[in-house]
Novice: 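Sharing a structure, written as structure tokens. Questions coming.
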Amino acid sequence: MPAPIKKAHQLNYNRFLKFHPNANGDNGRPVFIDPELIIRFMELINVDDEQDRNLAREITEKLKAIAGGATSDSNLNNASQHRDYFVRQNVYVTYSILQASPSNRGSGVYITDLERAVKDEKQGGPGLYKATFDTRSGDDWRPAETTNTVMTTALGAIGALEPTSGAETSVRASANAFGSYLITKDMRRLQNEYSLFYTPAYVIDHYGTWIGAEQKTGKEKGSPQALAKLLQNTENSFWAPTDNRYCWYVFGQGAKQLLAALQHYRAQQKYPLGRHHEFVFVDPKVPMGELKSALHHVGIDLTPDMIKLDNTSLSSKMHVIADGQATYQSFHRNSRQESQLNKAITAAKDQYSKRTQDVYFVDIVKGLQTALNGGWI
């Protein structure tokens with residue numbers, strides 16, 4: 001499981017990187033950023049989209065000039081900590097404004113966190129739903145919140161679509177997208193219904209830090225503890241041998257939620273989760289080594305068939321190079337793919353290692369983009 005997010009006063013600001021050449025202190029405040037946010041930055045932006053690419057420039061212009069201004073949110077418990085909303089990319093940037101001291105790199109703005117913004121919740125909050133195919137419309141899945149404490153369908157989905165351009169998150173949209181995927185991949189077991197453990201971004205990102213009024217209620221229903229309890233209740237309901245099998249499709253950021261849930265399951269497990277459960281990971285946003293280890297501890301071996309990679313996702317590739325166990329390499333079945341993958345990862349790791357050097361954050365991101373787009377299968 002990823003390490004807990006440190007509070008602002010716990011950070012080592014001396015290791016922060018300069019953010020952008022145009023925010024080096026010559027014209028306005030210098031802007032620095034936590035090097036551990038590289039993967040997060042690449043999760044939040046689509047480098048092929050010009051509007052997303054402008055995020056770095058907009059952060060630079062806003063923070064070096066009016067950081068902590070009247071339009072910023074401020075932390076009541078920490079006078080130096082603020083948060084700004086970048087509307088076009090739906091991203092919150094949290095930062096501290098510090099004076100020069102031995103514990104930092106000088107007076108300036110220090111970016112400590114990046115989060116996906118969610119302004120509105122459509123049709124319901126996080127938690128467990130049963131999604132049923134509406135045969136009348138022919139192409140619509142209708143999610144209904146359920147109080148079931150065990151799985152009632154053969155298939156399940158964990159995750160949520162990214163918020164829309166209006167910063168809205170929707171269980172209905174997620175149910176439709178995941179249902180359409182399941183139709184193409186697992187129609188035999190689908191049978192017009194599946195369980196959806198809906199986990200919008202604000203539940204996964206530190207489980208509700210800086211959430212709005214709409215998200216304050218119900219986030220526990222979508223917590224890792226709630227997911228672990230569902231898995232435990234389902235496994236514990238079988239007191240005799242059975243052929244029942246449950247398969248969860250885990251989408252994108254949902255893998256972070258499952259990783260946390262597996263830790264809770266392991267601490268309280270009565271039976272190995274692998275007795276009746278299996279998982280498929282679609283474009284997972286976690287290091288595979290951590291996931292492989294967590295699954296192993298609950299009786300499941302991670303195999304190549306369980307991973308479905310979207311080759312266009314740079315953030316998924318970033319999780320590959322951040323995996324110290326090099327788990328992904330063994331998932332390729334022929335030597336040509338293995339060779340190309342190794343070259344891309346080697347080039348990317350060379351860029352990633354520059355986090356400790358006096359280089360600009362945005363230049364490292366550009367180098368990673370180039371490395372990961374080359375030779376990837």
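All values below come from the heavy atoms of this structure, side chains included, with hydrogens, waters and symmetry mates left out.
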Novice: Under the ring-ring contact (aromatic ring centres under 6.0 Å, His included) test, which residues partner Phe197, sequence neighbours left out?
Specialist: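 In terms of ring-ring contact (aromatic ring centres under 6.0 Å, His included), with neighbours along the sequence ignored, Phe197 is linked to no residue.
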Novice: Please round to the nearest 0.5 Å and tell me the distance separating atom NZ of Lys308 and atom CG of Asp305.
Specialist: 5.5 Å
Novice: To the nearest 0.5 Å, what is the distance between NE2 (His276) and CZ (Arg245)?
Specialist: 7.0 Å
Novice: Nearest 0.5 angstrom please: His20 NE2 to Thr60 OG1, how far?
Specialist: 4.5 Å
Novice: Indicate if Met151 and Phe238 have the same hydrophobic cluster label, given that clusters are the connected sets of ILVMFWY residues with side-chain heavy-atom separations under 4.5 angstrom.
Specialist: yes
Novice: Identify, with sequence neighbours excluded, every residue that meets side chain to side chain donor-acceptor pair (under 3.5 Å) alongside Thr146.
Specialist: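 Testing Thr146 for side chain to side chain donor-acceptor pair (under 3.5 Å), a comparison that skips the adjacent residues, returns Asn148.
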Novice: Please determine whether salt bridge (charged side-chain N to carboxylate O under 4.0 Å, His left out) holds for the pair Asp113 and Arg83, giving the CA-CA distance in whole Å, both sets of side-chain angles, and the decisive distance to 0.1 Å.
Specialist: CA-CA 9 Å; Asp113 200 9; Arg83 187 180 70 167; over 6 Å; no
Novice: What do you reckon, is CG of Asn12 surrounded by more than 12 foreign heavy atoms closer than 6.0 Å?
Specialist: yes
Novice: Has the side chain of Lys64 got a donor or acceptor atom that lies under 3.5 Å from a matching backbone atom of Asn22?
Specialist: yes
Novice: Check whether any side-chain heavy atom of Val280 sits under 4.5 Å from a side-chain heavy atom of Met306, and report yes or no.
Specialist: no
Novice: Decide side-chain contact (heavy atoms from CB on, under 4.5 Å) for Phe32 and Val109; before the verdict, give the C-alpha distance in whole Å, the side-chain angles of both, and the deciding distance to 0.1 Å.
Specialist: CA-CA 6 Å; Phe32 304 91; Val109 178; over 6 Å; no
Novice: Using the side-chain contact (heavy atoms from CB on, under 4.5 Å) rule, take Ile307 and Met288 through it: C-alpha gap first, then chi angles, then the decisive distance, then the call.
Specialist: CA-CA 10 Å; Ile307 305 296; Met288 285 296 96; 3.5 Å; yes
Novice: Flag the pair Glu235 / Tyr265 as yes when at least one side-chain heavy-atom distance between them is below 4.5 Å, and no otherwise.
Specialist: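 Sidechains of Tyr265 and Glu235: in contact.
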Novice: Please assess Tyr92 against Tyr85 for the test ring pair (Phe, Tyr, Trp, His ring centres under 6.0 Å), listing each intermediate value before the final yes or no.
Specialist: CA-CA 5 Å; Tyr92 278 122; Tyr85 175 45; 5.2 Å; yes
Novice: Hey, are the side chains of Tyr95 and Ile33 touching, using non-hydrogen atoms and a 4.5 Å cut-off?
Specialist: no
Novice: Below 4.5 Å, heavy atoms only, C-beta onward: do Pro272 and Val298 meet side chain to side chain?
Specialist: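 Pro272 does not reach Val298 side chain to side chain.
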Novice: Should Val150 and Leu128 be counted in the same cluster of Ile, Leu, Val, Met, Phe, Trp and Tyr side chains packed under 4.5 Å apart?
Specialist: no
Novice: Apply side-chain contact (heavy atoms from CB on, under 4.5 Å) to residues Asn192 and Thr132 and explain how you reach the verdict.
Specialist: CA-CA 6 Å; Asn192 289 338; Thr132 305; 5.6 Å; no
Novice: Check side chain to side chain donor-acceptor pair (under 3.5 Å) between Ser103 and all other residues, then give those that pass, not counting sequence neighbours.
Specialist: Ser101
Novice: When you group the ILVMFWY residues by side-chain heavy-atom contacts below 4.5 Å and let the links chain together, are Ile66 and Leu55 in the same group?
Specialist: no
Novice: Is the shortest side-chain heavy-atom distance between Asp358 and Lys18 below 4.5 Å?
Specialist: yes
Novice: Can you find a side-chain donor-acceptor pair between Thr153 and Ser195 that sits under 3.5 Å?
Specialist: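 Judged by distance alone, the side chains do pair up.
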Novice: Glu58: which residues meet the salt bridge (charged side-chain N to carboxylate O under 4.0 Å, His left out) condition with it, sequence neighbours left out?
Specialist: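 In terms of salt bridge (charged side-chain N to carboxylate O under 4.0 Å, His left out), with neighbours along the sequence ignored, Glu58 is linked to Arg88.
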Novice: Of all the heavy-atom pairs spanning Glu115 and Thr94, show the shortest one and how long it is.
Specialist: OE1-OG1, 4.3 Å
Novice: Could Lys285 and Glu43 be called an ion pair, given the rule that one side-chain N must be under 4.0 Å from one carboxylate O?
Specialist: no
Novice: Tell me every residue that passes ring-ring contact (aromatic ring centres under 6.0 Å, His included) with Phe19, counting only those two or more places apart in sequence or in another chain.
Specialist: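 Phe19: ring-ring contact (aromatic ring centres under 6.0 Å, His included) contacts with Phe361.
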Novice: Using a 3.5 Å distance criterion without hydrogens, assess whether the side chain of Gln257 forms a donor-acceptor pair with backbone atoms of Gly222.
Specialist: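 Confirmed, Gln257 side chain pairs with Gly222 backbone.
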Novice: How would you list, by chain and number, every residue that makes a salt bridge (charged side-chain N to carboxylate O under 4.0 Å, His left out) with Lys62, sequence neighbours excluded?
Specialist: Asp84
Novice: Minimum heavy-atom separation for Ser96 and Thr112, please, with both atom names.
Specialist: OG-CG2, 4.5 Å
Novice: Can any side-chain N or O of Ser180 pair as donor or acceptor with the backbone N or O of Asn176 at less than 3.5 Å?
Specialist: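 Yes; judged by distance alone, with no hydrogens or angles, the pair exists.
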Novice: Identify the heavy atoms of Phe281 and Leu258 that sit nearest to each other, and give their distance.
Specialist: CE2-CD2, 3.5 Å
Novice: Which atoms form the tightest heavy-atom contact between Arg15 and Asp34, and what is the distance?
Specialist: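 Looking at all heavy atoms of both residues, the shortest contact is NH1-OD1, 2.6 Å.
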Novice: Picking from Trp141, Trp248, Tyr129, what satisfies ring pair (Phe, Tyr, Trp, His ring centres under 6.0 Å) with Tyr194?
Specialist: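 Result: among Trp141, Trp248, Tyr129, Trp141 is the only option passing the ring pair (Phe, Tyr, Trp, His ring centres under 6.0 Å) with Tyr194.
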Novice: If every non-hydrogen atom of Ala160 is compared with every non-hydrogen atom of Ser174, which pair is closest and at what distance?
Specialist: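 Shortest heavy-atom contact: CA-OG, 3.6 Å.
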Novice: State, yes or no, whether a side-chain contact exists between Val362 and Pro21 at a heavy-atom distance under 4.5 Å.
Specialist: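 Counting from C-beta outward, Val362 and Pro21 do come under 4.5 Å.
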Novice: Which pairs count as ring pair (Phe, Tyr, Trp, His ring centres under 6.0 Å) when at least one residue sits in residues 172-192, sequence neighbours excluded?
Specialist: Phe178-Phe251, Tyr181-Phe251
Novice: Quick test of your reading: applying salt bridge (charged side-chain N to carboxylate O under 4.0 Å, His left out), list the pairs with at least one residue in residues 20-31, sequence neighbours left out, ordered by first then second residue.
Specialist: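 Passing the test, one end in residues 20-31: no pairs.
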Novice: With a 3.5 Å cut-off and no angle check, do the side chains of Lys256 and Gln253 form a donor-acceptor pair?
Specialist: yes
Novice: Please name all residues satisfying salt bridge (charged side-chain N to carboxylate O under 4.0 Å, His left out) with Asp301, sequence neighbours left out, ordered by chain then number.
Specialist: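 Counting only residues at least two positions away or on another chain, Asp301 forms no salt bridge (charged side-chain N to carboxylate O under 4.0 Å, His left out).
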Novice: I need the Arg188 CZ to Leu155 CG distance, nearest 0.5 Å.
Specialist: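 Taking CZ in Arg188 and CG in Leu155, the distance rounds to 9.0 Å.
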Novice: Looking at residues at least two apart in the chain, or sitting in another chain, which of them share a salt bridge (charged side-chain N to carboxylate O under 4.0 Å, His left out) with Asp186?
Specialist: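 For Asp186 the salt bridge (charged side-chain N to carboxylate O under 4.0 Å, His left out) partners, ignoring immediate neighbours, are Arg189.
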Novice: Are Arg172 and Asp140 side-chain neighbours, meaning at least one heavy-atom pair lies under 4.5 Å?
Specialist: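 Side chain of Arg172 against side chain of Asp140, heavy atoms only: contact under 4.5 Å found.
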Novice: Looking at Tyr198 and Val171, what are the two nearest heavy atoms and their distance?
Specialist: OH-N, 3.4 Å
Novice: Please enumerate all residues that pass side chain to side chain donor-acceptor pair (under 3.5 Å) together with Glu36, with sequence neighbours excluded.
Specialist: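 Glu36 satisfies side chain to side chain donor-acceptor pair (under 3.5 Å) with Arg355 once adjacent residues are dropped.
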Novice: Just do the side-chain contact (heavy atoms from CB on, under 4.5 Å) check on Leu98 and Ser107 with the steps written out, would you?
Specialist: CA-CA 5 Å; Leu98 304 178; Ser107 175; over 6 Å; no
Novice: Nearest 0.5 Å please: distance from the CD atom of Gln81 over to the CD1 atom of Ile97.
Specialist: 10.5 Å
Novice: Is it true that Tyr271 and Phe279 fall in one hydrophobic cluster, defined by side-chain heavy atoms closer than 4.5 Å?
Specialist: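 No, Tyr271 and Phe279 fall in different hydrophobic clusters.
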Novice: Just to verify, what does Tyr246 make a ring-ring contact (aromatic ring centres under 6.0 Å, His included) with, not counting sequence neighbours?
Specialist: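 Counting only residues at least two positions away or on another chain, Tyr246 forms a ring-ring contact (aromatic ring centres under 6.0 Å, His included) with His277.
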Novice: Taking the side chain as every heavy atom from C-beta outward, state whether Glu193 and Lys130 have any atom pair closer than 4.5 Å.
Specialist: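 Side chain of Glu193 against side chain of Lys130, heavy atoms only: contact under 4.5 Å found.
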Novice: Can you measure from CG (Leu196) to CD1 (Ile158) and round to the nearest 0.5 angstrom?
Specialist: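 It is 9.5 Å, given to the nearest 0.5 Å.
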